[in-house]
2 protein chains.
Amino acid sequence: MTGLPIRAHNTSGYEAPSGLTAEPVVFALVHGELTVLLVRRVHEPFRGMWGLPGGFVGYGEAPEETAQRKLTEKTGVGQIYLEQLKTYADPGRDPRGWIAAIAYLALIPAHSLQGYASGEGGPLSDAGAWWPVASPPELVFDHDAMIRDGVDRLRGKLWYSNIAVGLLPHEFTMPEARHVYEEISGMQYEPSNFRRELIASGLVQRTGGRVMGKSGRPADCYAFIDSTPSWSERRSRIPARKTEKTGQQ
Amino acid sequence: MTGLPIRAHNTSGYEAPSGLTAEPVVFALVHGELTVLLVRRVHEPFRGMWGLPGGFVGYGEAPEETAQRKLTEKTGVGQIYLEQLKTYADPGRDPRGWIAAIAYLALIPAHSLQGYASGEGGPLSDAGAWWPVASPPELVFDHDAMIRDGVDRLRGKLWYSNIAVGLLPHEFTMPEARHVYEEISGMQYEPSNFRRELIASGLVQRTGGRVMGKSGRPADCYAFIDSTPSWSERRSRIPARKTEKTGQQ
DNA sequence: GCAATAGTGTCTTTAAGACATTATGGG
DNA sequence: CCCATAATGTCTTAAAGACACTATTGC
């Protein structure tokens with residue numbers, strides 16, 4: 001907690017924050033468990049404590065670029081799914097002063113992780129580690145809230161979008177997909193019904209491949225039709241549609 | 001477009017935005033039509049043009065407070081539903097320089113509007129007006145995107161939350177509620193099925209009152225059980241639940 | 001063949017969509 | 001009584017949940 005709070009203002013006389021950060025909340029599946037990427041802070045305040053791998057947005061930089069850049073620095077993967085989560089800008093959230101933080105949700109597919117994560121909380125490039133979202137360490141600032149919001153978003157969109165694309169490898173089997181969905185949602189799915197639902201969503205397609213597990217019948221391979229996460233076309237059967245009157249949909 | 005872009009930075013040497021604004025996207029129903037509150041800008045740039053009733057966040061102020069304050073100044077209503085939508089901070093979005101904007105979704109119940117809106121786009125306190133979201137005027141900055149995002153959020157949450165609380169009066173009839181839902185979603189609902197769905201959601205309750213229209217049978221009055229918008233308890237029947245194994249829900 | 005796991009089929013239950021019927025006001 | 005509108009009931013269709021059964025591997 002070195003440094004006193006600082007005040008900035010612009011030439012119009014308006015007060016301004018003294019910094020804007022982008023904070024990627026990066027999820028990945030490590031050994032089937034939903035984990036979040038955390039790094040040890042190298043600067044004060046809270047040096048050495050765990051936090052999200054974010055950083056300050058530079059002049060002329062889009063915050064999303066910042067998030068992408070920081071993420072690539074730490075994980076080596078680039079061009080991955082990023083979605084704005086929420087902005088945290090309440091006074092007092094950062095002891096250095098008035099600093100606003102834009103949190104982003106990011107997902108890393110399992111196959112991209114080879115060589116980076118080596119087990120439970122295994123270290124990666126720069127003092128970073130994958131921590132289970134179920135049992136994170138003590139976190140700096142309000143990063144715990146950011147992770148919570150990230151998990152909530154992931155859960156909320158799971159069945160309405162193909163957001164799971166971001167976590168699954170390009171090709172996957174139904175049991176694999178099921179475990180991912182179960183891990184995220186915290187629910188148990190009946191295998192045959194899960195299959196039916198996922199296929200009915202229209203998001204996945206058989207690839208023709210098959211994969212053998214330790215034992216038992218080999219599993220068919222599937223892939224998401226759209227590789228970029230987006231909202232599903234799935235007609236959620238929510239409201240009782242009236243016998244069509246106008247041209248409205 | 002007076003004034004040159006300005007650069008600010010904090011004493012740590014990090015570059016910082018030269019301002020942070022809160023922009024409430026305020027929706028209300030005027031004569032059954034979904035409208036958004038817009039004001040004419042009194043300052044440069046784009047003086048005289050229409051924009052959201054936002055303003056700069058002051059030092060020590062939470063952005064949500066700013067939004068609430070600005071909103072109260074313009075409409076006279078306070079303590080209404082506010083929900084963070086998205087932050088816009090890309091370079092070039094504001095000709096004055098690097099200014100980040102946090103957009104908020106706000107809803108004003110029909111009964112609070114008496115005396116403020118007087119018809120289609122009628123003026124209120126300070127050069128403000130309710131504009132139909134279907135046909136807004138030309139807007140400053142990226143305020144059109146903010147309104148679009150607001151409408152999307154409203155639509156998305158309509159059946160999963162009691163967000164409509166914010167737009168409906170305390171007591172309302174089924175036909176009233178139906179019209180609101182139809183206006184927001186752009187769909188037509190079959191009256192008896194709409195009733196069944198809304199009651200099944202567990203969000204509303206009969207109050208005992210009845211209201212007579214111009215003719216026909218009087219309508220029963222209902223009210224939302226929770227007056228603060230929140231997520232619904234409604235079991236959306238999305239995934240095929242497995243015969244319960246663990247204690248997980 | 002047996003264990004283990006994946007895939008297919010189908011029966012039951014329940015919710016959604018359609019629509020007829022009844023109820024309650026004003027002329 | 002007739003018109004207009006709201007409320008109720010119910011029939012049909014389709015999706016979700018449960019679970020039996022078949023298929024394909026290794027041992």
Side-chain angles (χ1 to χ4, degrees), chain A residues 32 158-160 171-182 185 187-223 232-245 248-249, chain B residues 32 158-160 171-182 185 187-222 232-246 248-249:
Chain A
L158 191 60
W159 280 103
Y160 298 106
E171 276 200 330
F172 54 87
T173 65
M174 278 293 167
E176 274 169 16
R178 182 158 47 86
H179 290 131
V180 170
Y181 275 66
E182 287 179 346
S185 68
M187 304 191 66
Q188 299 266 28
Y189 301 117
E190 198 285 319
S192 82
N193 293 337
F194 175 88
R195 165 193 309 278
R196 189 215 285 150
E197 288 290 313
L198 192 51
I199 289 171
S201 75
L203 298 173
V204 303
Q205 206 172 25
R206 287 201 48 172
T207 62
R210 347 190 88 203
V211 168
M212 286 179 283
K214 316 169 206 193
S215 72
R217 174 174 175 173
D220 297 339
C221 289
Y222 290 80
S232 156
E233 287 307 314
R234 186 159 181 248
R235 69 265 156 273
S236 52
R237 235 182 122 192
I238 296 149
R241 222 164 273 99
K242 197 173 190 174
T243 35
E244 50 179 314
K245 271 183 171 176
Q248 289 184 310
Q249 212 240 69
Chain B
L158 191 60
W159 282 103
Y160 297 105
E171 275 201 330
F172 54 87
T173 65
M174 278 292 166
E176 273 169 15
R178 182 160 45 87
H179 290 131
V180 170
Y181 276 65
E182 287 179 339
S185 68
M187 303 191 66
Q188 298 265 32
Y189 301 116
E190 199 284 319
S192 84
N193 293 336
F194 176 88
R195 165 194 310 278
R196 190 215 285 150
E197 287 291 312
L198 192 53
I199 290 171
S201 76
L203 298 174
V204 303
Q205 207 173 24
R206 287 199 47 171
T207 62
R210 352 187 85 203
V211 168
M212 286 178 284
K214 316 170 206 192
S215 71
R217 176 174 174 174
D220 296 340
C221 288
Y222 289 80
S232 155
E233 287 306 314
R234 185 160 181 246
R235 70 268 156 267
S236 52
R237 235 181 125 190
I238 296 153
R241 223 163 272 101
K242 198 172 189 173
T243 37
E244 51 178 315
K245 272 183 169 175
T246 68
Q248 290 183 312
Q249 212 241 66

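Throughout, a chain's letter reflects where its sequence line sits, starting with A, and its residues are numbered from 1.
Looking at residues two or more places apart in sequence or on another chain, you find a side-chain hydrogen bond (donor to acceptor under 3.5 Å, both in side chains) between B/E171 and B/T207.
A/F172 and A/A223 get closest at one heavy-atom pair: CE2-CA, 3.7 Å. Across B/F194 and B/M174, no two heavy atoms sit closer than the pair CE2-O, 3.9 Å. A/V204 approaches A/I199 most closely through the heavy-atom pair CG2-CA, 4.3 Å.
In this structure, A/E190 CD and A/R196 CZ are separated by 8.5 Å, a value rounded to the nearest 0.5 Å. Atoms CE and OG1, from B/M212 and B/T173 in turn, are 13.0 Å apart once rounded to the nearest 0.5 Å.
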Pairs under 3.5 angstrom, nitrogen or oxygen only, protein versus nucleotides 9-11 of chain D, please.
from	atom 1	to	atom 2	distance (Å)
D/dG9	O6	B/S192	OG	3.0

Contact list (N/O, under 3.5 angstrom) for nucleotides 24-27 of chain C vs protein:
from	atom 1	to	atom 2	distance (Å)
C/dT24	O2	B/R217	N	3.3

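Note: CE (B/M187) to C1' (C/dA16) measures 12 Å, nearest angstrom. Spacing between atom CG of B/L198 and atom P of C/dA15 amounts to 16 Å, rounded to whole angstrom units. Atom CD in A/Q188 sits about 18 Å away from atom C1' in D/dA16, given to the nearest Å. Atom CG of A/D220 and atom C1' of C/dT5 are 13 Å apart (whole Å). When rounded to the nearest whole Å, the span between OH of A/Y189 and P of D/dA15 equals 19 Å. The nearest whole Å value for the distance from the CZ atom in B/R195 to the P atom in C/dA15 is 19 Å. What separates CD1 of B/I199 from P of C/dA15 is a distance of 15 Å, to the nearest Å. For B/R206 and D/dA6, the CZ to C1' distance is 11 Å, given to the nearest whole Å.
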Without placing hydrogens or testing angles, list every side-chain donor-acceptor pair under 3.5 Å for residues 215-222 of chain A, not counting sequence neighbours.
from	atom 1	to	atom 2	distance (Å)
A/D220	OD1	A/R206	NH2	3.4
A/D220	OD1	A/R210	NH2	3.2
A/D220	OD2	A/R206	NH1	3.0
A/D220	OD2	A/R206	NH2	3.2
A/Y222	OH	A/R195	NH1	3.4

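The end-to-end axis angle of the helix from C/dG1-D/dC27 to C/dG27-D/dC1, rounded to 10 degrees and based on five pairs per end, is 10°.
When ring centroids are compared, A/W159 and A/Y189 come within the 6.0 Å threshold.
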